[in-house]
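Each remark here refers to the structure printed beneath this line.
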Amino acid sequence: MFEQKLAAKTCEAVFKLYGKEILPDSVGLEKTKKEIEGDYTIVVFPFVKISRKAPEITAAEIGEYLSINLSEVKSYKVIKGFLNLTLTDRCWLSLLESRRNPEFGFSPLRKELPVVLEYSSPNTNKPLHLGHIRNNLLGFSLAAILRANGHHVIKVNLVNDRGIHICKSMLAYMKLGNNETPVSSGLKGDHLIGKYYVLFNDLQKAEVADLKAKGLTAEEAEKQSPVMLEAQEILRKWESRDAETIELWRRMNSWVYEGFEQTYKNLGVDFDRIYYESETYLLGKELVSEGLEHGIFTKRSDGSIWADLRDEGLDEKLLLRSDGTSVYMTQDLGTAQLRFNDFHPSSMIYVVGNEQNYHFDVLKRVLVKLRKSYSSHIFHLSYGMVELPEGKMKSREGTVVDADDLMEEMITTAESTTRELGKVNDFSDEEATDLFRTIGLGALKYFILKVDPKKNMLFDPVESIDFNGNTGPFIQYTYARIRSLRSRAGEAGYHLAGTAVDENLTINAREKEVMRVIAQFPLVVKQAGLEMSPALIANYVYELAREYNQFYQEVPVLKEPDTSKIYLRLAISEMAGNIIKSSMSLLGIEVPDRM
RNA sequence: GGUCCGGUAGCUCAGCUGGAUAGAGCAGCAGCCUUCUAAGCUGCUGGCCGCGCGUUCGAAUCGCGCCCGGAUCACCA
């Protein structure tokens with residue numbers, strides 16, 4: 001809040017005192033360390049060269065200037081090269097004027113081109129797992145953060161609904177399905193299809209073992225196994241629009257979508273637009289042949305088409321197979337173009353795991369070769385893998401944590417813990433069920449989002465269901481406390497609406513600590529947007545909750561004899577509560593009124 | 001081998017656009033509920049910030065070299 005003002009005035013001071021212009025960004029302004037008297041600290045070492053005076057003297061001169069020319073500065077104290085400024089209580093109290101503004105810290109929506117943000121991007125042959133959860137949470141949160149920074153965000157999902165892997169589960173279903181449906185089996189659609197994908201692999205494994213016994217290598221055996229050949233036949237039928245094949249494909253996919261929809265709903269994520277690879281790959285093919293015509297790509301004797309990136313330090317990259325079918329890159333070229341056609345976005349963000357860094361590097365370079373203006377608008381938000389304590393979180397190795405199971409377990413744990421604590425004795429069943437969901441999902445989401453996206457993270461199931469300390473439920477609890485305090489205040493006859501805070505009050509250390517954290521919120525939102533990091537919001541809201549709890553524990557609110565102070569503390573509480581709620585909403589986490 | 005990312009307390013993570021004695025949580029130990037919700041609060045224990053050199057008044061933070069871990073470099077997606 002006051003940072004910009006202080007920085008600007010410091011520049012003015014340096015210019016007036018020493019005759020040199022400096023940029024506000026170059027002012028080293030930070031929160032004063034806790035043990036030291038002061039609110040904000042300016043590091044003056046960088047100005048010593050300009051002032052040609054000792055650090056202490058420089059700091060004192062700037063401090064003097066600021067305290068005379070800025071009414072907000074109450075006093076200053078110099079320690080070595082550090083100028084510690086204390087702001088007036090009135091200045092801090094003015095912060096509370098924004099306590100009822102639900103948009104505090106957010107920027108209004110700007111009239112500009114939209115940002116297209118892709119996340120989730122599932123395969124239709126297997127249910128969502130822990131890795132997808134990180135992806136979905138990051139994508140959803142990022143959309144909220146960018147929106148809070150004034151961007152018009154369009155959330156899109158790209159469903160990978162075609163290709164050989166889909167044909168595999170189709171084949172297994174044709175062989176072993178007996179017309180089983182989600183209804184007849186009692187399985188969620190995506191789990192049902194996942195089951196057949198696994199069955200295909202079992203069939204293939206058996207055949208591969210036989211072939212290897214006959215002397216084939218593993219690779220040959222895989223390619224020549226009868227089920228694999230059958231699956232490829234299905235793919236060819238699909239591409240030639242064979243009615244029966246398409247019909248089965250449609251039916252099986254529709255089951256999967258029902259399942260996904262449920263998982264997304266449970267997770268609390270949504271999309272403005274869903275793209276299907278089956279609808280975009282043809283456009284990709286067009287782009288490739290266009291590039292071939294213009295001599296940008298090359299065709300080999302076997303008919304395959306390649307982009308040559310060797311002069312850029314990379315290799316050659318396949319764009320179209322020799323049999324004319326498309327690869328991953330073909331499809332992504334198509335979707336990028338389609339997205340550009342649909343929205344003309346100022347940027348296209350892809351939330352995709354870091355194992356695809358190379359892919360996106362190539363995608364951008366190929367688009368540059370095609371002279372697509374939007375190539376520079378593509379941004380890959382690359383996030384790290386989720387690892388499990390035993391080993392890696394890879395779908396092939398079997399140690400998969402299913403998204404639905406995980407959410408279920410978190411909610412169940414929330415329920416038992418909450419019941420043990422006797423928190424819901426006076427709740428209706430419906431209220432209680434809502435609360436268990438809120439807490440269980442809050443724990444899960446916070447646990448995942450508090451880690452810097454670009455880092456690999458460890459998902460320890462035991463730690464994730466801990467509700468104490470740096471966790472989602474801790475923050476939710478702080479919010480519930482504040483709400484409780486508010487309703488008690490109402491019962492005691494204190495009317496918050498329309499009651500102004502006495503601006504002549506003096507504030508104590510605990511009160512100021514909370515307000516210092518509150519004051520940072522707008523900058524944190526901005527920073528999280530620039531760095532595209534929900535973790536910054538998560539770490540901030542934890543600090544706020546911790547600070548508020550200290551205040552709550554040490555400072556009486558309703559038992560304070562001085563009524564004007566009661567109103568002050570209620571105002572601080574209200575503002576802290578609103579910011580907790582805002583922050584959590586940026587993470588896609590709900591907060592309960594009671595818990 | 002090339003490229004990219006990481007290495008901070010027993011564990012999980014902040015801090016990294018250089019600044020004061022490196023911060024949290026968990027785990028461990030000791031306390032605080034007849035007072036606004038104890039999913040809370042207080043205190044203690046615990047660190048050659050991977051290693052070395054350099055830049056600087058000042059380096060966990062920047063640069064170079066090395067060591068360790070991960071990802072990636074498919075006619076898979």
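Below, chains carry the letters A, B, ... as their sequence lines are ordered, and counting in each starts from 1. All values below were derived from every heavy atom in this structure, side-chain atoms included, with hydrogens, water molecules and symmetry-related copies excluded. These figures come from a predicted structure and were not determined experimentally.
Comparing atom distances between the A:Tyr542 side chain and each of B:A20, B:G25, B:A39 picks out B:G25 as nearest. Counting only heavy atoms from C-beta on, A:Asn357 has its side chain closest to B:C4 among B:U37, B:A77, B:C4.
Spacing between atom CD of A:Glu513 and atom C1' of B:U42 amounts to 16 Å, rounded to whole angstrom units. For the pair A:Lys31 NZ and B:A20 C1', the interatomic distance rounds to 16 Å; values are reported in whole Å. Separating the CD atom of A:Glu554 from the C1' atom of B:C36 is a distance of 15 Å, rounded to the nearest angstrom. Regarding A:Tyr479, its OH atom lies at a distance of 21 Å from the P atom of B:C36, rounded to whole Å. Atom C1' of nucleotide B:U72 and atom CE of A:Met385 are separated by 12 Å, given to the nearest angstrom. Whole-Å rounding puts the A:Leu544 CG to B:G25 C1' distance at 17 Å. Look at CG on A:Asp466: it is 15 Å from C1' on B:G28, rounded to the nearest Å. Regarding A:Leu314, its CG atom lies at a distance of 16 Å from the P atom of B:U72, rounded to whole Å.
A:Tyr328 comes within contact range of at least one nucleobase, with a heavy-atom separation under 4.0 Å. Among the atoms of the strands shown, base atoms are found under 4.0 Å from some heavy atom of A:Val43. Residue A:Asp315 is out of contact with every strand shown, counting any heavy-atom pair closer than 4.0 Å. As judged by a 4.0 angstrom heavy-atom cut-off over every strand, A:Leu320 is placed among residues making no nucleic acid contact.
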Protein-nucleotides 11-14 of chain B N/O pairs closer than 3.5 Å?
from	atom 1	to	atom 2	distance (Å)
B:C13	OP1	A:Leu458	N	2.7
B:A14	OP1	A:Asp452	N	2.8
B:A14	OP2	A:Lys455	NZ	2.9

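At least one cation-pi condition fails for A:Arg52 and A:Tyr18: the charged atom is not both under 6.0 angstrom from the six-membered ring centre and inside a 45 degree cone around its axis.
Phosphate proximity of B:A39 to A:Arg481: absent, as no side-chain N or O sits under 4.0 Å from OP1 or OP2. Under 4.0 angstrom from either OP1 or OP2 of B:U42 there lies at least one side-chain N or O belonging to A:Gln550.
Pairs engaging residues 434-451 of chain A under the side chain to side chain donor-acceptor pair (under 3.5 Å) rule: A:Tyr446-A:Asn470 [sequence neighbours left out].
In this model, no side-chain donor or acceptor of A:Lys33 finds a partner on the base of B:U21 within 3.5 Å. For A:Thr418 against B:A39, a side-chain-to-base donor-acceptor contact under 3.5 Å is present. One donor-acceptor pair, N or O on each side, does fall under 3.5 Å between the base of B:A20 and the side chain of A:Asn84. One cannot find a donor-acceptor pair under 3.5 Å joining the base of B:A39 and the side-chain atoms of A:Thr417. If you check distances only, the side chain of A:Ser322 does reach the base of B:C75 with a donor-acceptor pair under 3.5 Å.
For the pair A:Lys581 and A:Glu574, the salt-bridge criterion is not met [side-chain N within less than 4.0 Å of a carboxylate O]. With salt bridges taken as basic N to acidic carboxylate O contacts below 4.0 Å, none links A:Glu415 and A:Lys423. Using a cut-off of 4.0 Å between Lys/Arg side-chain N and Asp/Glu carboxylate O, A:Glu543 and A:Lys31 are scored as salt-bridged. A salt bridge does not link A:Lys80 to A:Glu56: none of the charged nitrogens lies less than 4.0 Å from a carboxylate oxygen.
Across B:C33 and B:A22, the matching C1' atoms stand 35 Å from one another, rounded to whole Å.
An aromatic stacking contact between A:Tyr477 and the base of B:G40 is absent, as defined here by ring centres under 5.5 Å apart and ring planes under 30° from parallel.
A:Tyr477 has its ring centre no less than 6.0 Å from the ring centre of A:Phe474. If you look at A:Tyr197 and A:His165, their ring centroids are not closer than 6.0 Å.
Each of A:Asp593 and A:Ile79 was assigned the nucleotide of RNA chain B with the nearest heavy atom; the assignment lying further toward the 5' end belongs to A:Ile79.
Put simply, the residue from A:Val352, A:Ile274, A:Asp332 that forms a side chain to side chain contact (heavy atoms under 4.5 Å, CB included) with A:Leu158 is A:Asp332.
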